[in-house]
Amino acid sequence: MSDSILILDFGSQYTQLIARRVREMHVYSELLPWNTPAERALAVKPKGIILSGSHFSVYAPGAPTLPEYVLEMGVPVLGICYGMQLLTQALGGKVASAPQREYGPANIRTVAPNRLLPEGSQPVWMSHGDRIESMPPGFSAFAVSENSPFAAIGDESGRRIGVQFHPEVHHTPGGKEFLRRFVVEVCQAAQDWTPESIIQQAVDQIRQQVGEARVLSAVSGGVDSSVATALVHRAVGDQLSAVFVDTGMLRLDEREQVETAFRKNLGVQLNVVNGVEEFLDKLEGVTDPEQKRKIIGETFIRTFEVEARRLQHPPFLVQGTIYPDVVESSGPDRSQAQRIKSHHNVGGLPPDMKFKLVEPLRYLFKDEVRMVGEALGLPPELVWRQPFPGPGLAVRCLGEITWERLERLRQADAIFTGELAAAGLLNRGLEDVPGRISQAFAVLLPVRSVGVMGDERTYQEAVALRAVTTEDFMTADWARLPHELLGKVANRIVNEVKGINRVVYDITSKPPATIEWE
């Protein structure tokens, strides 16, 4: 087992970014709720512990507390924001409401030599309404900001550290180096968490879980389900059968593309099920996005149960669930976080489901999934397919879902992504190319507006275009597309897609929005 860093989650929406930053250093990190039983946390055998931020105040009734084992283990501890305040409170310092809250960019200045921050000033990201009033005995400040006299503190050993800012977010440019120094130099964690080691551990775990039983894989054609299927196939070989369900909510020509790519590159038995009529019947008249996801999740499972009976009742079902799915659905590992939305393969699963789930990617981020896919030898057309939600176009077709509206959306989406690909703007590899788009798609809105075509009045639907750049899909920024390209796309859509007379472009980042509209 690789060296590990334990991250205790107190409910911050940034917590998963801490885990990702640590893994970028090729060091395994495990994220657990703050109230995880001590024996479970100790089983991680961490080389160090990081305490996350939170929307709580440490002095508020019912606020999360610092587990006793954190200080008893004797390993280095880094507290971030709320984590810093918890550490301060537990060791005898004082935390109080700040006279002026800090949300957004700030500058800190190093005031004492230390192992983590360079000399001088640097920009950071703050997000707090409380601050340290007095440090614990034996601590000293090594950085300050205009509103935080204790922006970074540490004890005499340099192994208990607290920072008021968030080093895990992109808005703190020096944050990655700060965390690297803590993880690699202070904790002395070995940097051996690599795609090859991930694959080997996953294969071992799958074999242990599955044994000699048959396994059914739920394939969507996206990178997550493809990599999950490839991992399970490497582990159990012919014990695996893959099922691809055509829900009617796929992108243009997607069924044919998936069939070709899977059979050509994976060598896995692929069973294609036509479920268009059943899915559309169950979604008739449904407009609430949470209800859509739950209906689709249950219908998927019922479809797979039918296939399982046909394929000699395999008890295990493979899903391409990844960590952002779990986080946004507020699954069992997020007891203090607020639900963002239910993913069909997490919060949308029926309680009486007969399958035992195999989810080899459940604690991997999207970039890790792609790296594993490349290490498995999967072709670029699978590894670098545009991300696509499990419910498909159902959550991009806002309002009621009909075949006519889905066809309208399919055509608009194909025009948009096709023009982006022709312009060389879609991300096609792990290299960081400025200006490349990580995800792009069209959204059909349940809004009609007046237009004029051929001197005649029209009253038709609108399409929103969404394109983002991101490294982790937990935060994202809207892509600054050339106006000429947007104009060309809009012109093609209103001229070529019957029923659409208006095109808008979404310029909202994540947060506050999510990447998908539903």
Side-chain angles (χ1 to χ4, degrees), residues 199-200 202-250 254-279 296-322 325 343-346 348-350 352-362 364 369 372-373 376-379 381-383 385 388-392:
I199 291 169
Q200 188 56 55
V203 166
D204 291 344
Q205 290 169 0
I206 292 165
R207 287 172 177 167
Q208 183 177 8
Q209 179 185 5
V210 169
E212 300 298 320
R214 291 188 56 77
V215 184
L216 194 66
S217 181
V219 174
S220 70
V223 59
D224 304 329
S225 66
S226 297
V227 173
T229 301
L231 268 175
V232 176
H233 187 249
R234 174 167 291 196
V236 301
D238 292 341
Q239 292 171 233
L240 174 70
S241 295
V243 173
F244 175 64
V245 180
D246 183 353
T247 64
M249 291 166 281
L250 303 173
E254 187 149 31
R255 174 172 173 169
E256 295 77 9
Q257 293 169 5
V258 170
E259 288 188 74
T260 300
F262 244 76
R263 288 174 172 150
K264 176 182 177 182
N265 297 294
L266 284 182
V268 177
Q269 178 187 347
L270 183 66
N271 304 277
V272 180
V273 178
N274 187 343
V276 176
E277 188 173 341
E278 182 178 6
F279 276 83
I296 290 169
E298 179 169 1
T299 307
F300 263 122
I301 292 299
R302 300 311 175 210
T303 303
F304 293 134
E305 286 174 346
V306 171
E307 285 301 297
R309 289 192 290 272
R310 191 178 68 81
L311 296 167
Q312 303 175 3
H313 296 273
F316 292 98
L317 178 67
V318 180
Q319 287 199 145
T321 307
I322 64 172
D325 299 339
H343 286 262
H344 81 287
N345 54 350
V346 182
L349 298 177
D352 61 343
M353 181 180 69
K354 301 295 192 295
F355 290 108
K356 299 175 183 177
L357 293 180
V358 179
E359 298 177 307
L361 312 178
R362 187 177 179 86
L364 296 186
V369 173
V372 167
L376 285 167
L378 298 183
E381 58 263 33
L382 280 180
V383 175
R385 284 179 69 84
F388 194 51

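A quick note: this is a predicted structure, and the numbers were derived from the prediction, not measured.
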Checklist outcome for this item: side chain to side chain contact (heavy atoms under 4.5 Å, CB included) with P360: of V372, L231, T321, only one passes, and it is L231

Checklist entry - How far does CZ of R214 sit from CG of L240, to the nearest 0.5 angstrom? => result 8.5 Å

Checklist entry - Hey, does L357 have a side-chain heavy atom less than 4.5 Å from the side chain of R362? => result no

Checklist entry - Which atom names give the shortest non-hydrogen contact between D224 and L361, and what distance separates them? => result O-CD1, 3.2 Å

Checklist entry - Roughly how far, to the nearest 0.5 Å, is OG of S241 from CD of Q312? => result 8.5 Å

Item to check | Gap separating the CD atom of Q257 from the CZ atom of R385, nearest 0.5 angstrom | outcome: 5.5 Å

Checklist outcome for this item: Closest heavy-atom pair, V243 versus V273, reported as atoms and distance to 0.1 Å, is CG1-CG2, 3.9 Å

Next on the checklist: I need the E305 CD to L216 CG distance, nearest 0.5 Å.
Outcome noted: 10.5 Å

Checklist entry - Which is it for R255 and E259 under the salt bridge (Lys or Arg N to Asp or Glu O under 4.0 Å) test, yes or no, and what are the steps along the way? => result CA-CA 6 Å; R255 174 172 173 169; E259 288 188 74; 3.5 Å; yes

Checklist entry - Is the CD atom of E256 crowded by more than 12 outside heavy atoms at less than 6.0 Å? => result yes

Checklist entry - What are the two closest heavy atoms between F355 and P314, and how far apart are they? => result CE2-O, 3.5 Å

Item to check | Separation of N274 CG from T247 OG1 (nearest 0.5 Å) | outcome: 10.0 Å

Checklist entry - Hey, is the main chain of D246 close enough, under 3.5 Å, to the side chain of E254 for a donor-acceptor pair? => result no

Checklist entry - Side chains of Q208 and D204: donor-acceptor distance under 3.5 Å anywhere? => result no

Item to check | Main-chain N/O of A242 paired to E307 side chain as donor or acceptor, under 3.5 Å | outcome: no

Checklist outcome for this item: Tightest non-hydrogen contact, residues Q319 and A228, listed as O-CB, 4.0 Å

Next on the checklist: I need the minimum non-hydrogen distance between R207 and R234, along with the two atoms involved.
Outcome noted: NH2-O, 3.6 Å

Next on the checklist: Tell me the closest heavy-atom pair linking F279 and T303, and the distance in Å.
Outcome noted: CE1-OG1, 4.0 Å

Next on the checklist: Checking V236 against F316 for the side chain to side chain contact (heavy atoms under 4.5 Å, CB included) test, could you report, in this order, the C-alpha distance in whole Å, the side-chain angles of both residues, the deciding distance, and whether it holds?
Outcome noted: CA-CA 12 Å; V236 301; F316 292 98; over 6 Å; no

Checklist entry - Once you round to the nearest 0.5 Å, how far does CZ of F300 lie from CG of L317? => result 11.0 Å

